[in-house]
Amino acid sequence: MKTRAAAAYEVNGPWVVDEFELRDPGPNELLVKMSFAGLCHSDEHIRMGDFTEAALPMVCGHEGSGIVEYVGDNVRGFAVGDHVAASFIPSCGRCPSCANGEQYLCDNGAEIMAGDTKFIGPRGEVRAMSGIGTFSEYSVVHENSLVPVGDWYPLETVSLCSCGVATGWGSAVNVAQVKAGDTVVIIGTGGIGVNAVQGAAMAGAANVIAVDPVEMKREFAQTMGATHAVASIEEAGPLVQELSWGRGANEVIITVGDATSDLFAPAMGLVGKGGSLTLTSLSDMAQNDISLNTVDFAMSGKHLHGSIYGYCNPRADIPKLLRLYDQGKLKLDELVTQKYSLDDINEGYRALHAGEIIRGLIDYSM
Ligand SMILES: NC(=O)c1ccc[n+]([C@@H]2O[C@H](COP(=O)([O-])OP(=O)(O)OC[C@H]3O[C@@H](n4cnc5c(N)ncnc54)[C@H](O)[C@@H]3O)[C@@H](O)[C@H]2O)c1
Ligand SMILES: [Zn+2]
Ligand SMILES: [Zn+2]
């Protein structure tokens, strides 16, 4: 069948909306009609060549929601008409990581880099990011990369939970393991970071300090659970000392758009004895060096965590987050600053880089 989709063809080139021939679903695959796709910063890392030029061309989009139109052979637990969230890490349920309750480390996650050829367009074959490709009106997706959700949830809310909310909230709750009374610093409060703010507040943190150079982000974070907001890590230093009575932060979480190596020493400087620094942000894959005072790191008993998907198990945690939304405990409607048609995807990402939006959504009804 034919579908329109946004592809990144060359490093730093624009998103190009083309018509593609979408291959038929095979065994264990479903045809999904996308309803919403989230403009996450990770798609931009691919377009900008941070995951190497070899990642391109690619139909991106890994955050999204839709409705099942066709169910392939051997698929279990889905029916036509089901509402689904995309999961950018598949959950096979059988590999050692899945069997160990760590679905965010599923062995099939290698697809996040490799993609999967399913679109044939004017410039040849194009792969789908994470094997999903939510920047397409229709896609063929493996059952392991979809999570069925209740049909009473707004599909735009489901889309938010598919990456940004799960990753941010989980970075605070699951990875950093924020506890009641803690002092927490979130560096970068965009689409991911503001959900780390929500997670830290929900976990009972006494102080949640949002760090972001953009005033709108700082003001918004304070409506989402941040007790304080400052423009830079340098400004956060004395505030953390004051609020923690000189002990330093229990948890610091990096959720900036691009985790450059120079951020690490000052971010780790905010962490107190026995505390942790969590890295959720992505960056150029070629970046191998980070600055760190090694004696302070060792002798203060500090921890450094890598956070993928906020250690969320999509099939358990996406429905859990949606229930928290239903109960009014998680604010999700507020996250959507602007909706765009697929044709306006470049304008959406311009607004992301300009700091004008918290989360932008492609709305396929537009
Ligand atoms: N680990 C994962 O599983 C995972 C999943 C999704 C996204 N990500 C990554 O998370 C990061 C954030 O994504 P997003 O969609 O929220 O992006 P975003 O652009 O919406 O948010 C980034 C925020 O960081 C702020 N910022 C930039 N430089 C800063 C600095 N030096 N100090 C403080 N704040 C700064 C920006 O103003 C912005 O508000 C990206 O790198 C993305 O690729 C990782
Ligand atoms: Zn994402
Ligand atoms: Zn697995």
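Read the numbers this way: they start at 1 and go in the same order the structure lists the ligands and their atoms.
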Parallel, tilted or perpendicular: ring planes of [X] versus [Y], cut at 30 and 60 degrees:
X   : Y    : result
F88 : H62  : perpendicular
F20 : F119 : perpendicular
H41 : H353 : perpendicular

Could you see which bit of [X] sits under 4.0 Å from ligand 1, with heavy atoms only: side chain, backbone, both or neither?
X    : result
V214 : side chain
L352 : side chain
R359 : side chain
T167 : side chain

Element-labelled atoms of ligand 1 that are located less than 4.0 Å from some non-hydrogen atom of [X]:
X    : result
V211 : 33 (C), 34 (N)
S307 : 1 (N), 2 (C), 3 (O)
L282 : 9 (C), 41 (O), 43 (O), 44 (C)
H45  : 40 (C), 41 (O), 43 (O)
G191 : 16 (O), 20 (O)
H41  : 13 (O), 14 (P), 15 (O), 17 (O), 18 (P), 19 (O), 40 (C), 42 (C), 43 (O)
T255 : 12 (C), 22 (C)

Margin query: Under a 4.0 Å threshold between the charged nitrogen and the carboxylate oxygen, would E29 count as salt-bridged to R23?
Written below: yes
Notebook entry, point to check: Any salt bridge between D317 and K320, counting N to O under 4.0 Å?
Noted result: yes
Checklist line | atom 22 (C) of ligand 1 [closest protein heavy-atom partner, distance rounded to 0.1 Å] | finding: G257 N, 3.4 Å
Judged by non-hydrogen atoms, does [X] sit under 4.0 Å from ligand 1?
X    : answer
G355 : no
Y104 : no
H353 : no

Margin query: Using the Zn ion (ligand 2) as the vertex, how large is the angle between SG of C40 and NE2 of H62, rounded to 10 degrees?
Written below: 110°
Notebook entry, point to check: side chain to side chain contact (heavy atoms under 4.5 Å, CB included) between E242 and H228: does it pass, once the steps are laid out?
Noted result: CA-CA 12 Å; E242 183 195 328; H228 303 77; over 6 Å; no
Notebook entry, point to check: Going by distance alone, is a donor N or O of one side chain under 3.5 Å from an acceptor N or O of the other, for W152 and D326?
Noted result: yes
